[in-house]
Protein chains: 2
Amino acid sequence: MAVRALGASRRAQVGALRGASTRAQVYQLIRRAIVSLELLPGQALSENELAAQYAVSRTPVREALIRLADEGLVEVVPQFGTFVSRISVQDVIEVRFIRETLELASLPHAVERIGPEGERKLRRILAEQEDAEQQGDLQQWFTTDEDLHRTLLEIGGHPKIWPIVSSAKAHLDRVRMLPMPDPGHLQELRAQHSAIVDHVVAKDLPAAEQVLRHHLQLALDALKPLEERFPDYFSEE
Amino acid sequence: MAVRALGASRRAQVGALRGASTRAQVYQLIRRAIVSLELLPGQALSENELAAQYAVSRTPVREALIRLADEGLVEVVPQFGTFVSRISVQDVIEVRFIRETLELASLPHAVERIGPEGERKLRRILAEQEDAEQQGDLQQWFTTDEDLHRTLLEIGGHPKIWPIVSSAKAHLDRVRMLPMPDPGHLQELRAQHSAIVDHVVAKDLPAAEQVLRHHLQLALDALKPLEERFPDYFSEE
DNA sequence: CGATGAATGCTTGTATGCTAGGATACCATG
DNA sequence: CATGGTATCCTAGCATACAAGCATTCATCG
């Protein structure tokens, strides 16, 4: 009763993701809420509450939470509660290392295999990113950022690497959402993207490697101050 | 009724894994059955049958299947059925690349950080592996193999890499189970392990890298003939 | 005889009731 | 007043009932 009544407003959101199962929809919604820091690290989640919010039963919510627990985005304590995971600094560092390693390893293949089609694709993504930047659309900016890195992997002939990087980088994404970075920062990141693409197209591997390495390092430099500023969002460990 | 009656025999198996939740137990059992090829690629699974076998309800079985689907070990077709995934050659190649890349990237750190304690640990695992080899205990052999690679990553200061490699390498493991390799093959692999440990201890990075690279390459060499011999176990893609 | 369609039995997806256990607040007792 | 026990409310885990969809099969009609 209360369930259906409360959920009516959210029904539209769910409907926007139709085509997939309810579980998949709920999973996406909760995941986005966590990564976008709408749901804060450490916050308690209730299967019942979530079910009410999304106007579904506990089952799909529960199944979505299981998947999120596998990704490390939530922690389930039996008979006690479910909580949004705090950000582990160690995890962030390690994920960055993994990502850097895999993307660098793929880069030589990308340089080798890049053709006119790949270049068009990359240029188009860069253009989209510039648009997003000028319109101040952060969400869209991050989306194009993902597109770029994924496309580079695909051009390198390693499409399966992305899902691994993607699921591992959830914590990284939350860090990225923290400071609502100033436009200047975004501009710098995009300039680096542009440089990487140029180097890859020009088949200048060492230069591309150097920029990519520096590019992924930036997220880490911002970590320490953020940890001091938002201590509640990080785990002690 | 029929459920509980049938399940009585399996109850002992489940009990052996007590301490974790039922869902986790069922997950482990099904996963092992898939990786060990007890459940064959392409085979249809039924939530009801599995629930009956393990003497539990559909719920924990279903939740375990969701997790296995995320790992790519099963494929769920809504309102139709759940199937053990066929082995994707592309996946196997890519996973090997990922694994090789990450382990190689960690190796310099391992060489740098290795100490007496780490060496003892590695030597002990090698000894266990030799035991397993002489007793012909394949399962134990693979377990020690995992121990060795994981320990190398831990010594390198990258413990979080293992879960990623581990979940990604499920397909690889199934390939490894296919030919029931002759003891000579095992012996060769173990000799390489031993060589890697020696080189790491001696802090001879290039030598260690070369052996590790060759070591992980072997699984790939065996792929083609296996694909021809067991075409039903591989996906077309 | 062939083709079409309805019925049936399977599947997974969702909803809901029930169980076991922990945390807390309150009341009784020393 | 302090302290301990108990009752209650919360949680997630599990079992079960119901709903929806696909595939096959069998019967009926052309």
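Labels below follow one simple rule: chain letters A, B, ... track the order of the sequence lines, proteins then strands, and each chain is numbered from 1.
- Between the CD1 atom of B/I66 and the C1' atom of C/dT14 there is a distance of 12 Å, rounded to whole Å.
- Here salt bridge (Lys or Arg N to Asp or Glu O under 4.0 Å) pairs that include residues 70-87 of chain A, with residues two or more places apart or in two chains, are A/R31-A/E71, A/D70-B/R67.
- Listed by chain and number, the residues in a side-chain hydrogen bond (donor to acceptor under 3.5 Å, both in side chains) with B/S167 amount to none (sequence neighbours excluded).
- Regarding A/E75, its CD atom lies at a distance of 18 Å from the P atom of D/dT11, rounded to whole Å.
- One finds a side-chain N or O of A/T22 lying less than 4.0 angstrom from the OP1 or OP2 phosphate oxygen of C/dT14.
- Note: A/H171 and A/F234 fail the aromatic proximity criterion, with ring centroids not under 6.0 Å apart.
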Which atom pairs link the protein and nucleotides 8-12 of chain C when you take only N or O atoms and keep those under 3.5 Å?
| from | atom 1 | to | atom 2 | distance (Å) |
| --- | --- | --- | --- | --- |
| C/dT11 | OP1 | B/S46 | OG | 3.3 |
| C/dT12 | OP1 | B/L45 | O | 3.4 |
| C/dT12 | OP1 | B/T82 | OG1 | 3.1 |
| C/dT12 | OP2 | B/E47 | N | 3.4 |
| C/dT12 | O2 | B/Q79 | OE1 | 2.7 |

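- A close approach under 4.0 Å does occur between a side-chain nitrogen or oxygen of A/S57 and OP1 or OP2 of C/dA15.
- A salt bridge links A/E146 with A/K169: the distance from a Lys NZ or Arg NE/NH1/NH2 to an Asp or Glu carboxylate oxygen falls below 4.0 Å.
- Ring-plane geometry between B/H109 and A/F97 is classed as tilted, the angle between the planes lying from 30 to 60 degrees on a 0 to 90 degree scale.
- The CD atom of A/E63 sits 15 Å away from the P atom of D/dA15 (whole-angstrom rounding).
- Between B/R176 and B/D145 there is a salt bridge, since a side-chain N of the basic residue sits under 4.0 Å from a carboxylate O of the acidic one.
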